[in-house]
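Here's the structure, in structure tokens; my notes come after.
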Protein chains: 2
Amino acid sequence: RGPSSEALHLGHLIPFMFSKYLQEAFKVPLVIQLTDDEKFTWKNNLSVEETKRLARENARDIIACGFDVTRTFLFSDFDYLGGAFYENMVKIGRCLNYNKAKEMFGFSGEDYIAKLNFPLVQAAPSFASTFPQLFPGKHNIRCLIPCATDQDSYFRMARDFAPPLGYRKPALIKSSFFPALQGVNVKVSASDPNSAIYLTDTAKAIAKKINNNAFSGGKVDKKEHKDLGANLEIDIPFKYLSFFLEDDIELEQIRKEYGQGPKLPEEEKMLTGAVKKRLTQVLTQVVERHRRTRAGVTEELVDAFMAVRPLLPTKPESWESPRGKMKMDDDKLIDESLIDRVKRLTGREPHVFLRRGV
Amino acid sequence: RGPSSEALHLGHLIPFMFSKYLQEAFKVPLVIQLTDDEKFTWKNNLSVEETKRLARENARDIIACGFDVTRTFLFSDFDYLGGAFYENMVKIGRCLNYNKAKEMFGFSGEDYIAKLNFPLVQAAPSFASTFPQLFPGKHNIRCLIPCATDQDSYFRMARDFAPPLGYRKPALIKSSFFPALQGVNVKVSASDPNSAIYLTDTAKAIAKKINNNAFSGGKVDKKEHKDLGANLEIDIPFKYLSFFLEDDIELEQIRKEYGQGPKLPEEEKMLTGAVKKRLTQVLTQVVERHRRTRAGVTEELVDAFMAVRPLLPTKPESWESPRGKMKMDDDKLIDESLIDRVKRLTGREPHVFLRRGV
């Protein structure tokens with residue numbers, strides 16, 4: 001997370017909710033990087049002090065997602081970078097030349113050299129040896145990175161350079177695009193507060209934003225809608241529900257009653273208004289629960305998450321692949337056994353959680 | 001000091017001897033950076049572990065120069081960089097773009113991006129705020145950097161960017177070129193052990209190197225030499241004596257008796273052999289004294305120098321400029337008052353120590 005503002009919106013929460021699910025299911029150690037240096041480098045209006053303050057504010061929102069303090073390390077680049085972290089940066093930096101970096105990250109000759117440095121900072125946490133204090137004696141644990149698609153280049157680079165450095169390639173799980181209220185192809189804009197629902201929005205503001213701004217895939221008039229149903233591919237209320245509605249059975253029901261496909265015999269198609277109302281309930285609950293939890297995140301708790309100390313190991317699984325000494329195929333982005341383990345440990349189909357943000 | 005080999009030669013000692021003199025005269029805190037990351041980045045055959053080992057070996061040679069442990073902090077980039085150091089790096093990195101860096105440091109598109117990062121690492125220690133633990137509450141002490149001329153670009157950059165960052169420009173004192181035994185325009189070459197005298201050389205090896213390799217400015221035959229004297233501009237034995245002979249009166253005498261200028265009435269010109277013999281005595285003493293001192297540098301002492309802790313402040317002078325609240329002219333490389341202070345505190349003419357390595 002690059003801390004560039006105080007107020008997070010719901011899209012920011014997706015990778016954290018997903019990571020929290022994985023940590024709970026597999027009892028895995030988790031490292032969360034706050035790239036305050038990135039924000040300082042990219043945004044000329046921010047001071048170092050301000051990015052560090054925002055990092056701490058963001059940390060409270062992240063902690064409020066419910067992470068296990070005994071298995072989670074949250075750090076600011078400005079505070080933690082050095083020692084083993086810096087060694088890995090420089091090692092990676094000796095694999096990549098400027099021409100290639102330009103191509104990979106779109107840098108130009110006018111860009112500050114601090115920007116060229118940043119890919120190394122972002123890639124270094126892909127390797128457990130960056131955190132010798134967290135994983136004592138375990139320098140080569142494979143790392144799984146849940147991230148948004150726009151962060152792909154950094155970790156593809158980390159994968160490319162893992163073999164020459166003698167490290168295991170990190171695995172990636174990429175979060176699908178979380179759209180703006182205005183439509184599936186619109187990016188959330190920091191300059192338009194109506195484009196997203198923020199964790200600081202009131203219940204009334206949430207209802208208003210959804211009713212006024214959430215792009216509907218419903219048909220132009222009631223008659224046509226009753227016959228054909230909404231186009232769910234472009235319907236923002238349904239998209240948002242697919243991220244945040246916990247109950248998969250209810251989601252499937254809405255898909256049938258609101259979406260396209262054969263009209264059900266005894267009933268009429270569900271209207272956009274009803275879906276928006278349900279979404280308002282769901283999001284209000286998510287935001288209010290988050291706010292209550294965040295209020296309980298004390299400064300001491302933030303310090304505890306940011307303290308450099310050994311993390312509890314994975315239990316009951318060992319650090320090793322469940323396939324034991326079998327050779328892993330480093331070119332598969334997701335270890336196949338993950339799907340099996342989800343089934344075995346949770347008793348649920350993987351789509352139940354993989355749907356959210358994957 | 002970039003640690004790329006175990007054995008230091010005499011040229012390496014010059015800035016340290018000079019810094020030690022300054023520390024003793026002014027009771028100033030001193031920070032010594034070991035750029036192990038630079039050496040790793042530039043030299044493909046070195047591992048991180050090896051550069052760190054070499055840094056520690058070099059540290060013992062540096063400590064043996066006689067620094068005051070209560071006022072000296074010696075650090076490896078790999079170990080210390082982070083926190084405040086890294087903040088300053090990124091701040092400087094937001095002042096410089098790639099095109100400019102290319103021009104200043106001669107980088108090409110084929111260069112590793114870790115090289116682009118390095119100027120920031122080298123420049124950050126010019127500012128006291130990089131070391132908040134060493135100088136608590138004193139974030140804007142002016143820094144004086146004794147360095148070799150080839151390091152000029154890094155610190156000129158630091159001077160250029162000090163004002164926009166709100167820092168005081170560091171001052172530079174540049175060491176003149178320490179030539180190879182083969183001549184004033186020859187650079188010491190790591191691949192030719194005969195080009196320099198190493199701190200590990202025996203008395204016998206020193207005598208042999210000086211006799212066989214030290215380029216003489218003496219004339220082709222004895223007769224011509226007696227009439228004209230040696231050309232001291234190109235005479236390596238005399239150059240070396242001007243760095244290492246403590247007694248300035250003796251050095252002046254050699255200048256007259258060996259060099260050009262009017263032949264003295266009662267005597268003949270001194271011959272190269274005699275000057276080489278004197279140089280052998282002087283350097284053998286320097287090297288042997290160094291070796292004895294180095295043998296007493298324990299691992300614990302290295303740890304003490306590298307410990308992060310507040311340094312003793314300057315005594316009896318305060319941290320402020322002796323001219324008090326007078327505005328300093330940041331565009332003068334050397335604070336004028338330095339010359340006056342040398343006279344007042346040491347009772348000697350500044351050239352006595354400024355001659356060595358300035």
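Order of the sequence lines fixes the chain letters, A, B, ..., with proteins taken first and strands second; residue numbering starts at 1 for each chain.
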- What residue in Lys52(A), Arg94(A), Lys100(A) has the most heavy-atom pairs under 4.5 Å with chain B? Arg94(A)
- Query: Measuring heavy-atom distances to chain A, does Glu38(B) have an atom under 4.5 Å in its side chain, in its backbone, in both, or in neither?
  - Reply: neither
- Look up atom OG in Ser47(A) and atom CD in Glu87(B), then write down how far apart they are to the nearest 0.5 Å. 10.0 Å
- Heavy-atom proximity to chain A below 4.5 Å, by part of Lys91(B): both
- Supply the atom-to-atom distance Ile113(A) CD1 to Ile113(B) CD1, rounded to the nearest 0.5 angstrom. 11.0 Å
- Message: Measuring centre to centre across the rings, with the benzene-like ring taken for any Trp, is Tyr98(A) within less than 6.0 Å of Phe107(B)?
- Response: no
- Looking at Val48(A), Asp36(A), Asp77(A), which makes the most heavy-atom pairs under 4.5 Å with chain B? Val48(A)
- Contact check, side chains of Tyr86(B) and Phe78(A), non-hydrogen atoms, under 4.5 Å: yes
Donor-acceptor pairs are to be reported for all side-chain atoms of residues 115-127 of chain B against protein atoms at under 3.5 Å, with residues two or more places apart or in another chain.
from	atom 1	to	atom 2	distance (Å)
Lys115(B)	NZ	Asp111(B)	OD1	3.2
Gln122(B)	NE2	Gln151(B)	OE1	2.5
Ser126(B)	OG	Ala123(B)	O	2.8

- Between Ala114(A) and Val90(B) the two heavy atoms that sit nearest each other are CB-O, 4.1 Å
